[in-house]
Amino acid sequence: MAFPEPKPRGPELPQKRLKTLDCGQGAVRAVRFNVDGNYCLTCGSDKTLKLWNPLRGTLLRTYSGHGYEVLDAAGSFDNSSLCSGGGDKAVVLWDVASGQVVRKFRGHAGKVNTVQFNEEATVILSGSIDSSVRCWDCRSRKPEPVQTLDEARDGISSVKVSDHEVLAGSVDGRVRRYDLRMGQLFSDYVGSPITCTCFSRDGQCTLVSSLDSTLRLLDKDTGELLGEYTGHKNQEYKLDCCLSERDTHVVSCSEDGKVFFWDLVEGVLVLALPVGPSVVQSLAYHPTEPCLLTAMGGSVQCWREEAYEAD
């Protein structure tokens, strides 16, 4: 007699605090997982970038070379390079192993809010308060960007990259998607300054957070509004949002010291995770597991699902 297959377990949410990293780099402006989720980067207001093993809580390396606070960072697909941007208007390419600056790209007229590698880590895309997205060739010796996307009418707060698209959110209230295969620009008007945008993991939707304390899920191709998520507070800070590792939940920072989880399909609030007394500045969700990193003040908290047992 055949036994029925066990029911697939529902998605678990990271709500057990495993570790707190005291980063020792002033206020942590952003926390980011690397490509496989084994390491994380923290961007400090003391001009440094730090690489950690978050589950162990060990500091692996410190990267110094920015002239002002570091606002965002990203790792390459092969973990050999990092890029970062900050208040000194510079975009920096780092060698992970040696900790050395490989290139420093200058050209933005204001602070750099957001940086991303393309898939092959041959190009860095940077979004700045100067309302442009600039594309820098990591292999070229030329000082100027290979392309500048300057359609936005106000600062760029968020840039994300897929294999053939660039998604840019701006304070002008528009999300712009550049389809590089088609050579086309698609623009969706949200109406409130955008703080963060991202693709869903299946590539079908875009998630947009804005300063009216609302997240919106849009159909990527049509721009149709698929869902709205409210309950958190986001009225003055640039806060991160994302989708959980299986696209089941919408996740957002909040200015009231919590991280909010909504059911993506139902739109209902499932969990308001208390992190601490001040603003949750940044968050990062593990690419394949229910693991969350949050940044508040000078520290980073690592969260896992209730059933998780550390090795």
Side-chain angles (χ1 to χ4, degrees), residues 23 25 28-44 46-54 58-108 111-128 133-149 156 158-168 180 198-199 240 242 282 284-288 293 295 300:
C23 298
Q25 51 184 159
V28 177
R29 295 293 179 215
V31 59
R32 300 287 179 251
F33 271 113
N34 75 323
V35 63
D36 53 19
N38 292 332
Y39 305 101
C40 75
L41 295 161
T42 56
C43 305
D46 73 342
K47 314 178 197 175
T48 66
L49 183 61
K50 291 188 176 183
L51 179 67
W52 305 81
N53 179 325
T58 48
L59 173 64
L60 302 171
R61 194 170 276 271
T62 301
Y63 301 85
S64 305
H66 272 285
Y68 208 71
E69 59 181 5
V70 187
L71 296 174
D72 195 17
S76 63
F77 74 98
D78 59 358
N79 290 327
S80 68
S81 306
L82 305 173
C83 63
S84 60
D88 58 0
K89 311 178 194 174
V91 176
V92 181
L93 174 66
W94 307 85
D95 179 60
V96 169
S98 69
Q100 297 300 307
V101 173
V102 179
R103 292 289 307 279
K104 207 176 247 195
F105 300 103
R106 298 188 181 279
H108 278 297
K111 67 180 185 179
V112 178
N113 283 325
T114 174
V115 291
Q116 286 274 293
F117 279 110
N118 68 338
E119 277 206 325
E120 299 82 34
T122 52
V123 175
I124 299 170
L125 291 98
S126 57
S128 163
V133 176
R134 299 186 189 218
C135 311
W136 311 90
D137 187 341
C138 299
R139 301 168 298 182
S140 158
R141 304 312 294 166
K142 287 187 179 158
E144 59 273 350
V146 286
Q147 191 170 3
T148 301
L149 310 173
I156 302 286
S158 176
V159 170
K160 296 294 191 300
V161 186
S162 75
D163 58 349
H164 67 284
E165 299 158 302
V166 177
L167 188 69
L180 306 177
C198 60
F199 291 107
D240 290 332
C242 67
S282 178
Y285 213 100
H286 193 285
T288 55
L293 300 177
V300 165

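Please read all numbers here as calculations on a predicted model, not as lab measurements.
Contact record, V70 with S84: CG1-CB, 4.1 Å, taken as the closest heavy-atom pair. Here the shortest heavy-atom pairing between V28 and A295 reads CG1-CB, 3.8 Å. A pairwise comparison of heavy atoms in D78 and S81 identifies OD1-N, 4.3 Å as the closest pair. Counting all heavy atoms, side chain and backbone alike, N38 lies closest to N34 at N-OD1, 3.1 Å. For C23 against K50, the heavy-atom pair with the smallest separation is O-NZ, 2.8 Å. Between S126 and W136, the closest heavy-atom pair is OG-NE1, 2.9 Å.
E69 contributes atom CD, which lies 10.0 Å from atom CG of D46 (distance to the nearest 0.5 angstrom). Considering CZ of F105 and SG of C138, their distance stands at 5.0 Å, rounded to 0.5 Å. Here D137 contributes atom CG and N118 contributes atom CG; the two are 9.0 Å apart, rounded to the nearest 0.5 Å. With values rounded to the nearest 0.5 angstrom, D72 atom CG is found 8.5 Å from N113 atom CG. Atom CG of L49 sits about 9.5 Å away from atom SG of C83, to the nearest 0.5 Å. If you take CG on L41 and CH2 on W52, they are separated by 11.5 Å, rounding to the nearest 0.5 Å.
Under a cut-off of 6.0 angstrom, the local environment of CZ in F199 is crowded, with over 12 non-hydrogen atoms contributed by other residues, nucleotides or ligands. Counted within 6.0 Å of NZ on K89, heavy atoms from surrounding residues, nucleotides or ligands total 12 or fewer; the atom is thus considered open.
Side-chain atoms of R103 come within 3.5 Å of backbone atoms of S140 as a donor-acceptor pair (strictly under, hydrogens ignored). Judged purely by atom type and a 3.5 angstrom limit, K104 uses its side chain to pair as donor or acceptor with the backbone of G65. A side-chain donor-acceptor contact under 3.5 Å links Y63 to the backbone of V96.
A donor-acceptor contact under 3.5 angstrom links the side chains of D240 and S282, judged on distance only.
Of the candidates R29, Q25, R32, Q25 is the only one forming a side chain to side chain donor-acceptor pair (under 3.5 Å) with T42.
Residues S64 and T48 are in side-chain contact: their nearest non-hydrogen atoms beyond the backbone lie under 4.5 Å apart. Side-chain contact between V102 and W94 is absent, with no heavy-atom pair separated by less than 4.5 Å. Looking at heavy atoms from C-beta onward, T122 lies in side-chain contact with R139 at the 4.5 angstrom threshold. In this structure, V300 and P54 have side chains that are not in contact, with every pair of non-hydrogen atoms separated by 4.5 Å or more.
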Checking side-chain contact (heavy atoms from CB on, under 4.5 Å) for the pair V123/F117: CA distance, chi angles, key distance, verdict? CA-CA 6 Å; V123 175; F117 279 110; over 6 Å; no
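Between H286 and F33, the two ring planes are perpendicular [angle over 60°; tilted spans 30° to 60°].
Remark: E165 pairs with R177, K220 by the salt bridge (Lys or Arg N to Asp or Glu O under 4.0 Å) rule, at least two apart or across chains. Applying the salt bridge (Lys or Arg N to Asp or Glu O under 4.0 Å) criterion to D163, with sequence neighbours excluded, gives R181.
Between R106 and D88 no salt bridge is recorded (no basic side-chain N to carboxylate O distance below 4.0 Å). Between R61 and D95 there is no salt bridge, since no side-chain N of the basic residue sits under 4.0 Å from a carboxylate O of the acidic one.
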